[in-house]
Participant: 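Below you will find the structure I want to go over with you.
Everything numeric in this text was worked out from a predicted model, so none of it was measured.
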Amino acid sequence: MSWYQYLQSELALREERQQIRKLHVTENGPGCWITKDGKRLLNLASNNYLGLAGDKRLIEAAIEAVSLYGAGATASRLIVGNYPLYEETEQDIANWKGTERALLIGSGYTANLGALSALLGRNDVVYSDRLNHASITDGIILSRAEQKRYKHNDLEHLEKLLQETPANKRKLIVTDTVFSMDGDTAYLRELVHIKEKYNALLMVDEAHASGVYGQNGAGLAQELVERIDLHMGTFSKALGCSGAYLAGSKLLMEYLTNTMRSFIFTTGMPPSTVGSIKRAVEIVRDESTRRALLMQNGTLLRDLLKQAGFNTGSSSTHIVPIVIGSNEATISFSQMLQEKGIAAIAVRPPTVPENSSRIRLTVTSEHKPEEIREAVKLIAETGLREGVLS
């Protein structure tokens, strides 16, 4: 089979399994209402949790940074691409998180990939929740460490795996804090206790918690910041920008600066992005009302869907899945909802486990309660017609 025949057959197989993915043109992305393929839709698929992506203050900060530093960093930060703005922003992030140091990274994917592959080696063991993000899995694979995946949020299983590991092995536990497809949360206090008991490092992925949880929006791990070794979070979701951070001790950040290939061998982030990140952190830290509205909207959406009879799994956050099962039924349901004016996107394997395809719904602080109520009414009516509800 030639290369092109192989590629064609792989795509045909995905088409047959209803797993093919396509790009669709979307306009007015930062808003509660978007235009997708020319149709106006209520946006229940965005990660813009606090509505900051279109905030004028972030736009102004980006323009100011471009005016001062230009459009690009021109080189790796370890060469000549380390403008004053970068270190100022990292200090702001460290202060916000309550850590000694922080490091800006181009994306959450490259942060997880780089940190895990830098910290772990062939002789180390890493323990990863089965529902962790793909970037965590890929970072572990790249590290060549021995991977032991524990059942989702099953701390007894995790401890059993730790007990089976020789005491002289270096150990690292890694988990999402808010799981992006299920909308539930990790048991952080218990994980901290376990990592201390077995002398392991603990790394948390706060991608869907940064800006949303904690007294200052610093994440679910805020109260345990000194007992958690490495914090990763993104600016591309609740903070409305792009990029990611790693935060922890001075020693750990210095080690990663010297060993993390996805930091060493890449050009620094665009100054415009860093400028908007700096402003977003200030806004999130000071404006708690946005977080309160997001929590209220998440509770409203989840409660109404449950009352209608939908399976929302173990969701307890602003991420609320409608678990359906088959790819075909999920895609059909998603298409019907978009015809009704709701951006509700089908999520299928390998993003989620087999036979757990779902519609992943998210709200923002900007959604009005009446919009959520009307949306759930349409979702329930469509669910009855499509056989998703009986």
Participant: Is K36 atom NZ crowded by more than 12 heavy atoms from other residues, nucleotides or ligands, each under 6.0 Å away?
Facilitator: yes
Participant: Would you sort out whether L42 and L44 count as a side-chain contact (heavy atoms from CB on, under 4.5 Å), showing the intermediate values?
Facilitator: CA-CA 6 Å; L42 179 66; L44 293 181; 4.3 Å; yes
Participant: Could you grab the distance from atom OG of S276 to atom CG of L58, nearest 0.5 Å is fine?
Facilitator: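 If we round to the nearest 0.5 Å, S276:OG and L58:CG are 5.5 Å apart.
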Participant: Do H24 and D37 have side-chain N/O donor and acceptor atoms under 3.5 Å apart?
Facilitator: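 There is such a pair between these side chains.
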Participant: Keeping the roles fixed (side chain from S334, backbone from T330), state whether a donor-acceptor pair exists under 3.5 Å.
Facilitator: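 Between the backbone of T330 and the side chain of S334 there is no qualifying donor-acceptor contact (under 3.5 Å).
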Participant: Name all pairs fulfilling the salt bridge (Lys or Arg N to Asp or Glu O under 4.0 Å) condition that reach into residues 267-288, sequence neighbours left out, sorted by first residue then second.
Facilitator: R57-E287, D92-K278, K278-E282, R279-E282, E287-R290
Participant: Parallel, tilted or perpendicular, judged at 30° and 60°: which one describes the rings of H208 and Y49?
Facilitator: tilted
Participant: Look at the side chain of Q147 and the backbone N and O of S128, then say whether any donor-acceptor pair between them is shorter than 3.5 Å.
Facilitator: no
Participant: Do T175 and I173 have side chains that get closer than 4.5 Å, going by heavy atoms?
Facilitator: no
Participant: Is the backbone N or O of P353 less than 3.5 Å from a side-chain atom of S356, with the two atoms forming a donor-acceptor pair by type?
Facilitator: yes
Participant: Can you check whether K169's main-chain N or O pairs, donor with acceptor, with K171's side chain at less than 3.5 Å?
Facilitator: yes
Participant: With sequence neighbours excluded, tell me which residues meet side-chain contact (heavy atoms from CB on, under 4.5 Å) with T351.
Facilitator: R21, M181, V347
Participant: Tell me, with the steps shown, if F179 and H152 meet ring pair (Phe, Tyr, Trp, His ring centres under 6.0 Å).
Facilitator: CA-CA 10 Å; F179 292 89; H152 177 51; 4.5 Å; yes
Participant: Which pair of non-hydrogen atoms, one from A102 and one from I93, has the smallest distance, and what is that distance?
Facilitator: CB-CG2, 3.8 Å
Participant: Main chain of V320, side chain of R360: is a donor-acceptor contact present, judged purely on distance under 3.5 Å?
Facilitator: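 Side chain of R360 to backbone of V320, a donor-acceptor pair under 3.5 Å: no, none is there.
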Participant: Is it the case that over 12 heavy atoms from other parts of the model lie below 6.0 angstrom from the CD atom of E190?
Facilitator: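 More than 12 within 6.0 Å, yes.
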Participant: So among T137, T234, D205, which one has a side-chain hydrogen bond (donor to acceptor under 3.5 Å, both in side chains) with N112?
Facilitator: D205
Participant: Can you confirm whether more than 12 heavy atoms, excluding those of E164, are under 6.0 Å from its CD atom?
Facilitator: yes
Participant: Less than 4.5 Å apart, any side-chain heavy atom of D176 and any of L131?
Facilitator: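 A side-chain contact is absent here, since even the closest heavy-atom pair is not under 4.5 Å.
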Participant: Just by modelled atom types, is the I319 backbone N or O under 3.5 Å from a matching donor or acceptor in the T317 side chain?
Facilitator: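 Looks like yes, one N/O pair under 3.5 Å.
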Participant: When you look at N327 and S357, which way does the side-chain hydrogen bond (donor to acceptor under 3.5 Å, both in side chains) test go after all the steps?
Facilitator: CA-CA 6 Å; N327 294 344; S357 293; 2.5 Å; yes
Participant: Quick check: do S332 and V388 have side-chain heavy atoms less than 4.5 Å from each other?
Facilitator: no
Participant: Does the side chain of T177 come under 3.5 Å of the side chain of E206 through a donor N or O and an acceptor N or O?
Facilitator: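 A donor-acceptor contact under 3.5 Å links the two side chains.
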Participant: Between N132 (side chain) and V174 (backbone), is there a donor-acceptor pair under 3.5 Å?
Facilitator: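 Present.
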Participant: Other residues, nucleotides and ligands only: do more than 12 of their heavy atoms fall within 6.0 Å of CZ on R385?
Facilitator: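 Yes, CZ of R385 has more than 12 neighbouring heavy atoms, counting only those of other groups under 6.0 Å.
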Participant: Tell me whether E381 is salt-bridged to K340, with the criterion being a basic N under 4.0 Å from an acidic carboxylate O.
Facilitator: no
Participant: Is there a path of hydrophobic side-chain contacts, each under 4.5 Å between heavy atoms of I, L, V, M, F, W or Y residues, that connects L103 with M232?
Facilitator: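 Yes; M232 is reachable from L103 via cluster members.
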Participant: Can you confirm whether E64 is buried at CD, in the sense that more than 12 heavy atoms of other residues, nucleotides or ligands lie under 6.0 Å from that atom?
Facilitator: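 Counting neighbours around CD of E64, 12 or fewer heavy atoms of other residues, nucleotides or ligands fall under 6.0 Å, so no.
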Participant: Heavy atoms only: give me the nearest A238-S210 pair and the separation to one decimal.
Facilitator: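 Smallest interatomic distance, heavy atoms only, reads CB-O, 3.2 Å.
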Participant: Can you confirm whether more than 12 heavy atoms, excluding those of E16, are under 6.0 Å from its CD atom?
Facilitator: no
Participant: Would you list the pairs meeting side-chain hydrogen bond (donor to acceptor under 3.5 Å, both in side chains) in which at least one residue belongs to residues 368-379, sequence neighbours left out?
Facilitator: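 Passing the test, one end in residues 368-379: W33-E371.
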Participant: Starting from V274, can I reach Y69 by hopping between I/L/V/M/F/W/Y residues whose side chains sit under 4.5 Å apart?
Facilitator: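 Yes, Y69 and V274 fall within the same hydrophobic cluster.
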Participant: The test is salt bridge (charged side-chain N to carboxylate O under 4.0 Å, His left out); show your working for E10 and R14 and say whether it passes.
Facilitator: CA-CA 6 Å; E10 284 295 303; R14 280 164 173 74; 3.1 Å; yes
Participant: Should we say atom CZ of R170 is surrounded by more than 12 heavy atoms from elsewhere, each under 6.0 Å from it?
Facilitator: no
Participant: So, taking the atom named CG in L85 and the one named OG1 in T273, what distance separates them when rounded to the nearest 0.5 Å?
Facilitator: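 Going from CG on L85 over to OG1 on T273, the span is 10.5 Å.
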Participant: Under 4.5 Å between side-chain heavy atoms, counting indirect links through other Ile/Leu/Val/Met/Phe/Trp/Tyr residues: same cluster for Y255 and F265 or not?
Facilitator: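 In one cluster with Y255: F265, yes.
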Participant: Begin from the C-alpha positions of R77 and E87 and carry the test side-chain contact (heavy atoms from CB on, under 4.5 Å) through to its verdict.
Facilitator: CA-CA 10 Å; R77 288 181 61 194; E87 294 198 348; 4.2 Å; yes
Participant: How close do G31 and N43 get, heavy atom to heavy atom, and via which atoms?
Facilitator: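 Shortest heavy-atom contact: O-ND2, 3.6 Å.
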Participant: Can you find a side-chain donor-acceptor pair between S107 and T110 that sits under 3.5 Å?
Facilitator: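 A donor-acceptor contact under 3.5 Å links the two side chains.
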Participant: Do L252 and L78 share a hydrophobic cluster, counting only Ile, Leu, Val, Met, Phe, Trp and Tyr and linking them when any side-chain heavy atoms are less than 4.5 Å apart?
Facilitator: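 They do share one cluster, since a chain of ILVMFWY contacts under 4.5 Å joins L252 to L78.
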Participant: Are side-chain heavy atoms of R302 and T299 found at a separation under 4.5 Å?
Facilitator: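 Side-chain contact under 4.5 Å: yes.
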Participant: Please determine whether salt bridge (charged side-chain N to carboxylate O under 4.0 Å, His left out) holds for the pair E339 and K39, giving the CA-CA distance in whole Å, both sets of side-chain angles, and the decisive distance to 0.1 Å.
Facilitator: CA-CA 8 Å; E339 287 177 16; K39 186 174 180 62; over 6 Å; no
Participant: Testing the basics here: between V284 and R291, what is the closest heavy-atom pair and its distance to 0.1 Å?
Facilitator: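 That closest heavy-atom pairing would be O-NH1, 2.6 Å.
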Participant: For N95 and Q91, does a side-chain donor sit closer than 3.5 Å to a side-chain acceptor?
Facilitator: yes
Participant: When you measure from the side chain of S326 to the backbone N and O of A329, does any donor-acceptor pair fall under 3.5 Å?
Facilitator: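 Answer holds: yes.
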Participant: Does the S315 side chain pair with the main chain of T312, one donor and one acceptor, at a distance under 3.5 Å?
Facilitator: no
Participant: Under a 3.5 Å distance rule, please check whether T185 uses its side chain to pair with a backbone N or O of V178 as donor and acceptor.
Facilitator: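 Answer holds: no.
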Participant: For the pair R227 and E196, find out whether any cationic side-chain nitrogen is under 4.0 Å from an anionic carboxylate oxygen.
Facilitator: yes
Participant: How close do G51 and S365 get, counting heavy atoms only, and between which atoms?
Facilitator: N-OG, 4.1 Å
Participant: Measure centre to centre between the rings of Y150 and H157, then say whether the value is under 6.0 Å.
Facilitator: no
Participant: Does I136 belong to the same Ile/Leu/Val/Met/Phe/Trp/Tyr cluster as Y127, with side-chain heavy atoms less than 4.5 Å apart forming each link?
Facilitator: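 Hydrophobic grouping puts I136 apart from Y127.
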Participant: What do you reckon, are the aromatic ring centroids of Y245 and H231 less than 6.0 Å apart?
Facilitator: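 So the answer is no for these two rings.
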Participant: Would you sort out whether M295 and V212 count as a side-chain contact (heavy atoms from CB on, under 4.5 Å), showing the intermediate values?
Facilitator: CA-CA 8 Å; M295 293 298 102; V212 175; 3.4 Å; yes
Participant: Quick one: closest heavy-atom pair of A118 and L256, and the distance?
Facilitator: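 Scanning both residues, the minimum pair turns out to be CB-CD2, 4.0 Å.
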Participant: Is it the case that atom CZ in R130 sees more than 12 heavy atoms from other parts of the structure closer than 6.0 Å?
Facilitator: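 More than 12 within 6.0 Å, yes.
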